[in-house]
Amino acid sequence: MGFVEKNAYALHFIFIITIILGSSIAVSATISEANALLKWKSTFTNQTSSSKLSSWPNNTNINKSFCTRWHGVSCDQQGSIIRLNLSDTSIEGTFQDFPFSSLPNLAYVDLSMNRFSGTIPPQFGNLTKLIYFDLSLNQLTGEIPPELGKLRNLETLHLVTNQLTGSIPSEIGLLTSVREISLFENILSGPIPSSIGNLSNLVNLYLYTNSLSGPLPSEIGNLANLVELCLDRNSMTGHIPTSFRKLKKLTLLNLFENKLSGEIPPEIGDMTSLDTLALHTNNLTGSIPPSLGNLKNLTILHLYLNNLTGPIPPELGNIESMEDLELSQNKLTGSVPDSFGNFTKLQSLFLRENMLSGSIPSGVANSSELMVLQLDTNKFTGFLPETICKGGKLQNLTLDDNHLEGPIPKSVRDCKSLMRARFTGNGFTGDISEAFGVYPHLDFIDLSHNKFHGQISGNWERSPKLLYLIMSNNNITGPIPPQIWRMTQLGELDLSTNKLTGELPEAIGNLTALTRLKLNGNQLSGRIPERIRLLTKLEYFDLSSNRFSSNIPQTLNSLPNLHYMNLSRNKLEELIPMGLTKLIQLSNLDLSHNHLTGEIPPLSSLESLEMLDLSHNNLSGQILPSFTDMKALRYIDISYNNLEGPLPHIPAFGNATADELKGNRGLCSDNATKQRLKPCPITSAAIKKPKKKLVVWIFVVVPIVGALVILSVCAGAFTYYYHLKKRKPRTEDKSDSENGESLSIIFGKVKYQEIIKSTRDFDPRYLIGTGGYGKVYKAKLSLGTTVAVKKLHETVKHQELLNEVRALTEIRHRNVVKLLGFCSIRRHTFLIYEYMEKGSLRKALSNDDQAQRLDWVKRIKIVKGVAYALSYMHHDRPTPIVHRDINTGNILLGDDYEAKISDFGTAKLLKKDSSNWSAVAGTYGYIAPELAYAMRVTEKCDVYSFGVLMLEVIKGKHPGDLVSTLASSPGTTLSLRSISDERLCMPEAEIRDELFKMVKVAVLCLQANPQLRPTMMTIAAQFY
C-alpha cells in the first residue's frame, strides 16, 4: 500500500469516526431535550390523569422515537424538538420548571386549554425562534413579561381567557413579524401602548373584555394591514382618532361597550373595506356622519346606546349591502329617510327609543329579507305602510309607544311568519275581529292601549303557539268567545279595561298553563268559576272592577303559585274563605269594595303577604293577634268595616294612616292621636298606687313560682323517661318523631311512619336517583299523593340541611321544586319534595328515547324556566340566593316538562356589604372560574353555570371543549348541526333562531370576567 493510499485510508477512517461521533453527540443532545420534558412533566400535579400524555414514558430508556410517538412533540430533521402542542391535555402545573435552555429550537408552542397556573416566566423571551405562542384558556396570573418583545420571529401571540393583570408592555411594539395578537378576556388595565403602531404586519388585534382605559392611540392608524380590530368591553375613553381612516384593509371594527366620547369622526367613511362597524354602548355624541354612506361593503352597523343626536343621514341608504342596522336608544330626531327603501338585503332594523317623528316610509320594508323591525318609543304618526310585511319573512314587529293610527294593514293580517308583535300605546282603530289573521308561529302579541272595537274573534285559537294574548285598554265589547278557553297553551291572557260582558264559564279551567289572568275593568258578571282551582300555575289573578257576585270560591286554595290576587270592586258576599290562608306565596291581596261579612280569618300562614286591602266591606269582630306573625306585611287598609279591638303590634298597623283605619267603630290604638282612634287601655294608667304590691306579685312572684313548677314537672318526666328507656330493649328505642310526631308539612300532615312504610324503610327498589347529598326515593302516601323523599347521607352537615330547608321555604317560584316537609332525627334525616314524574334533565338527555321525546320546543321551555327561577332568586328577593350548583342533574322535569331547580344544599344567601367568601362548591364542569381561584361567590357564579347548562341542552351532552372554544373565539360562526343534538331533526326556522339566541347568551355567560356576564334578570327578559 503506497503512501498516498495509506493517507487516503486514514482520512476516510477519520471522516467515518467524525460522522459517528457527531451523530452520537446529536442523538445525545436530542435525548437530553426529551429528558428535560420528562423532568418538567414530573412537576405536573396530575401527570397520571392525562391519557394523552401516556405516550410519554416514565423511565429513562429514551430513544429518538419520541419525535414521532410522543403526543404533541415534533422534531426537525436533526431530531431537535421544534413543536410542542399540548393543547387541551388537562395538565395542572406551572411554567416555573419549564426547560427553556434545553429547548432552544422551539418554533411552535401551544399549551392552551389546560389548567396551568402561576405567572408567565420572562424566559419565554429567550425562545427567539418562536413563530406561534399560545397559552390561552388557563389560569395564569401576573403581568405579561416585557421580555416577550425579544420574539422578533413571532407571528401569533394568544394569551386569551386567563387572569392576567397589569398593563400591556410597550415592548410588544418590537414584535415586528407578528400578524395576530389576542389578549382578550383578561384583567389587563392601563392604556394601549402607542408602540403598537410599529406592528406593520399586524392583521388581527383582539383586546376586548379587559379593563383597558385611556384614549385610543392614534398610532393604530399606522397598521396598514389591519383587517380586524376588537377593543370592545373595556373602559377606553376619549375620542375615536381620525387616523383610523388609514386602515384601508379593515373589515371588522368593534369598539363597543367602552366609555368613548366625542363625535364619530367622518374619516371612518374612508375605511371602505369595513364589513362590520360596532360602536354601540359608549358615550358618543354629535350626529351620525353622512360619510358612513361611503362604506359600500358594510353589512352590520351598530350605533345604539349612545347620545347621538340630529337626523339619520339619508346617505346611509347608499349601503345596499346592509343587513343589520341598529340605531336604537339615542336621541335621534327627524324622520326615517326614504332612501332606506334601498336596503334590499336588510334583515334587522332597530330604531327604537329615539325621538323620530313623521310617518313610516313605505320603502322601509322593501327588503324581502326583513325579519325584525323595531320602531317603538318614538313619535311616529300616520298609518302603517301597507307593505310592512312585504317579504313575508317578518318575525318581530315592535311599534309600541308611538302616535300611529288607523287600521292594521292587510299585509300584517296575512303575515304568517310573525312570531312577536307589539302595537301597544298607539291609536290604532278598526274592528279587532277583522284586523288580525291566523299566525302559525306567533307566540306574543300586545294590542293594548289602542282604540280597537268590536268583539274578540275565535280565530285566535288557530294560532297554536300563542303564549301571550294581551288586548287591554281598548273598546272591545261582547262576551269572551268560547274558543279562547280551548287555547290550553296560553301563559298570559290580558283582556282588562274593555267593555266585555257575560259570565266566565267553567271551561276556564282548561287553561292550565296560565300564569297571568287579567280580566279587570270590564262588565263581567255571575259567579267566579269553581274550576279556576285547576289553574295551578297561576301567579297573577285580577278580576277587579267587574260585577261578580255570590261568594269567593273555597277552591282558590288550590293555587299554590299565586302571588297577586285582586277581587276588589265587585259584589262578592259572605265570609272570606279559610282556603285563602293556604296561598303561602301571596304577596298582594285586595278584596276591597265588596259585601264581605264575618271576621277576618287567621292569615298568619301568609308569610309572604306584603299588601292587604280589606276596606269597604262589612267585616266585623276583632283583628286576631296572629297578625303579629306576618313579618312581611308593610301595607294594610281595613277602613269602612265594623271591626273592633286593639290593632296588632306590627309595623303595618303602626304605620297605617287614619284614612286606612277610619270607618270602624271599635278600633283602638297605641298611636291613637295620629290615627284618630281611641286609645287602648294602658296598664300603667289603669292601675293605681295602692295596687303596686299586686303588680309586683303578678310580674315577679308568679313567674318564679311558675318556673319552679315547670322544673319539677321536667325532672319527673326525665326520671320516668330514664327508667322507661332502661327497661326497653335497644331495638325498640324510638324517638318521639318516630312514634308519630307530625312533620312540618306545608300541605297537610304526614306521619313519620307513613314515609318509612311507603318506602319500606328506604328499600333500594324505591330508589329513583342519587345526588351529592343523598339518595332520592319515591313514596306513595295513603291519600294517593306521590312525593319524593331525599334521604341525606350521614356525612351531610347540619348546615347543609339548614341551607336546603331555609332556601326552599324562602323561595316560592313555579320553577323551583317545592319542599313539603323535613325530618331530622338520630336514625334518619330526610326531606320531602313534590314528585317530578320525568326525573332529572341529565337523565332525560342521557337516554336516547327520552332525549328524542325532549324536542327543541321542550328544551327551550326548560331553559326559560331555569332562567326565570334564577332571575327570581337573584333579583326579586330582599336577600339574593345563589344556588352554586346549577347543572342538569339538579333540574327536575314535571309531566309537562316544566323545569324546576332542586338540591339547594350548597345555596348561599348573599349578605349586603359582605365579601361573601365561600369554599368551592358545585359540580366540576359547571363551576365559575372565579369561585375556584378567588373563593368569592356572587350571582354571576350561577350565570356561568347556566351558560354551560344551555349548551348542554342544545348539544344533548356536556359541551366539554365547546365551552372554552366559544368563549375564546368571538364572532365564531357555527352551523347549528355541528353543535346540536344529533338525535333530533334540524329545527324549523323560528326554533333555530331561538337556539342561536341561546348560544349567543351562553357565550356571554361564560366570560372569564364575572362583571362582564349578563345578569339573570337581563337573560330572563330576553326570553319573554
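Computed from a predicted structure; not experimentally measured.
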Distance-only polar pair, side chains of Ser261 and Asn283, donor-acceptor under 3.5 Å: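 Side chains of Ser261 and Asn283: no pair found under 3.5 Å.
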Residues that Asn890 engages under side-chain hydrogen bond (donor to acceptor under 3.5 Å, both in side chains), provided they are two or more places apart: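 Result, side-chain hydrogen bond (donor to acceptor under 3.5 Å, both in side chains) vs Asn890: Asp885.
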Where Leu253 and Met271 come nearest, the two heavy atoms and their spacing: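 Shortest heavy-atom separation between Leu253 and Met271 comes out as CD2-CE, 4.0 Å.
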4.5 Å side-chain heavy-atom contact, Leu1006 and Leu951: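 Yes. Closest side-chain heavy atoms under 4.5 Å.
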Which residues share a side-chain hydrogen bond (donor to acceptor under 3.5 Å, both in side chains) with Ser87, sequence neighbours left out: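 If we apply the side-chain hydrogen bond (donor to acceptor under 3.5 Å, both in side chains) test to Ser87, skipping adjacent residues, the hits are Ser112.
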Side-chain donor or acceptor of Asp942 paired with backbone N/O of Arg884 under 3.5 Å: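 The answer is yes, because a donor-acceptor pair under 3.5 Å joins these two groups.
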For Glu257, all residues meeting salt bridge (charged side-chain N to carboxylate O under 4.0 Å, His left out), sequence neighbours excluded: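 For Glu257 the salt bridge (charged side-chain N to carboxylate O under 4.0 Å, His left out) partners, ignoring immediate neighbours, are Arg233.
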ring-ring contact (aromatic ring centres under 6.0 Å, His included) contacts touching residues 225-262 (sequence neighbours left out):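 Output for this query lists Phe256-His280.
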Identify each donor-acceptor pair in which a side-chain atom of residues 170-177 lies under 3.5 Å from a protein atom, sequence neighbours left out, and give them as a table.
unit_1, atom_1, unit_2, atom_2, d
Ser177, OG, Arg152, O, 2.8

Closest contact, heavy atoms only, Pro169 versus Pro145: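 So the two residues come closest at CG-O, 4.4 Å.
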Side-chain touch Leu53/Ile91, heavy atoms, less than 4.5 angstrom: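 A side-chain contact exists here, since the closest heavy-atom pair is under 4.5 Å.
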Check: Ile220 and Leu229 side chains under 4.5 Å, non-hydrogen atoms: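 The answer is yes, as the side chains (C-beta and beyond) meet within the 4.5 Å cut-off.
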Polar side-chain atom of Asn138 near backbone of Asn162 as donor-acceptor pair, under 3.5 Å: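 A pair under 3.5 Å: no.
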pair Leu205-Ile196: side-chain heavy atoms closer than 4.5 Å: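 Side chain of Leu205 against side chain of Ile196, heavy atoms only: contact under 4.5 Å found.
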From CA spacing to verdict: side-chain hydrogen bond (donor to acceptor under 3.5 Å, both in side chains), Asn126, Lys150: CA-CA 7 Å; Asn126 297 332; Lys150 295 190 290 185; 3.1 Å; yes
With Lys129 via side-chain contact (heavy atoms from CB on, under 4.5 Å) - residues at least two apart: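 Here the qualifying residues are Asn105.
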Heavy-atom side-chain contact between Asp134 and Leu157 under 4.5 Å: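 No - every pair of side-chain heavy atoms lies 4.5 Å or more apart.
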Backbone N/O of Ser291 and side chain of Asp270: donor-acceptor pair under 3.5 Å: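 It does not hold such a pair.
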Derivation and outcome, side-chain contact (heavy atoms from CB on, under 4.5 Å), residues Val178 and Asn201: CA-CA 6 Å; Val178 76; Asn201 292 305; over 6 Å; no
Any Leu255 side-chain heavy atom under 4.5 Å of Leu216 side chain: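 Leu255 vs Leu216: side chains touch.
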Asn186 (side chain) donor-acceptor with Leu164 (main chain) under 3.5 angstrom: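 Checked: pair present.
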Within-4.5 Å side-chain heavy-atom neighbours: Ile181 and Leu183: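 A side-chain contact exists here, since the closest heavy-atom pair is under 4.5 Å.
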Pairs satisfying salt bridge (charged side-chain N to carboxylate O under 4.0 Å, His left out), at least one member in residues 236-254, at least two apart: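 Not a single pair qualifies under salt bridge (charged side-chain N to carboxylate O under 4.0 Å, His left out).
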Nearest-0.5 Å distance, SG of residue Cys1005 to OH of residue Tyr944: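 It comes to 10.5 Å.
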Salt bridge flag under 4.0 Å for residues Glu92 and Arg115: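 Answer for the salt bridge query: yes.
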Donor-acceptor contact below 3.5 Å, side chain Trp56 vs main chain His71: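 Here the side-chain-to-backbone pair exists.
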Which residues share a side-chain hydrogen bond (donor to acceptor under 3.5 Å, both in side chains) with Asn114, sequence neighbours left out: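 Partners of Asn114 under the side-chain hydrogen bond (donor to acceptor under 3.5 Å, both in side chains) test: none.
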Check: Gln139 main-chain N/O paired with Ser117 side-chain donor or acceptor under 3.5 Å: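 Absent.
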Polar side-chain atom of Ser235 near backbone of Ser211 as donor-acceptor pair, under 3.5 Å: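 A pair under 3.5 Å: no.
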Results of side-chain hydrogen bond (donor to acceptor under 3.5 Å, both in side chains) for Glu353 - residues two or more places apart only: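 Checked Glu353 against side-chain hydrogen bond (donor to acceptor under 3.5 Å, both in side chains); zero matches.
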Nearest atoms (heavy-atom pairs only) where Leu308 meets Ile288: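 It is CD1-CG1, 4.0 Å.
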Sidechain-backbone polar pair: Arg1013 side chain, Lys940 backbone, donor-acceptor under 3.5 Å: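 Such a contact is found between Arg1013 side chain and Lys940 backbone.
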Asp324 and Thr276, any side-chain heavy atoms less than 4.5 Å apart: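 Of all side-chain heavy-atom pairs linking Asp324 with Thr276, none is under 4.5 Å.
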Which atom of Thr119 lies closest to which atom of Pro121, heavy atoms considered: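 So the minimum-distance heavy-atom pair works out to O-CD, 3.3 Å.
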Check: Glu33 main-chain N/O paired with Asn35 side-chain donor or acceptor under 3.5 Å: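 No.
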Worked check of side-chain hydrogen bond (donor to acceptor under 3.5 Å, both in side chains) between Thr888 and Glu952: CA-CA 8 Å; Thr888 50; Glu952 187 168 352; 3.1 Å; yes
With Phe116 via ring pair (Phe, Tyr, Trp, His ring centres under 6.0 Å) - residues at least two apart: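 Expected list: Trp40, Phe95.
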Step-by-step side-chain contact (heavy atoms from CB on, under 4.5 Å) determination, Thr237 to Leu260: CA-CA 4 Å; Thr237 58; Leu260 298 174; 5.8 Å; no
Of Val866, Val863, Val948, the residue whose pairing with Val953 passes side-chain contact (heavy atoms from CB on, under 4.5 Å):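 The residue from Val866, Val863, Val948 that satisfies side-chain contact (heavy atoms from CB on, under 4.5 Å) with Val953 turns out to be Val863.
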Asn330 side chain vs Asn306 backbone, donor-acceptor pair below 3.5 Å: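 Confirmed, Asn330 side chain pairs with Asn306 backbone.
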Ile82 CD1 to Ile131 CD1 distance, which is reported to the nearest 0.5 Å: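 Here the interatomic distance stands at 9.0 Å.
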Partner residues of Ser871 under the side-chain contact (heavy atoms from CB on, under 4.5 Å) criterion, sequence neighbours left out: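 Only His875, Met1016, Met1017, Ala1020 meet the side-chain contact (heavy atoms from CB on, under 4.5 Å) criterion with Ser871.
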Thr285 side chain to Glu263 side chain, donor-acceptor N/O pair below 3.5 angstrom: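 Side chains of Thr285 and Glu263: no pair found under 3.5 Å.
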Phe133: partners by ring pair (Phe, Tyr, Trp, His ring centres under 6.0 Å), with sequence neighbours left out: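 Per chain and number, Phe133 pairs via ring pair (Phe, Tyr, Trp, His ring centres under 6.0 Å) with Phe124.
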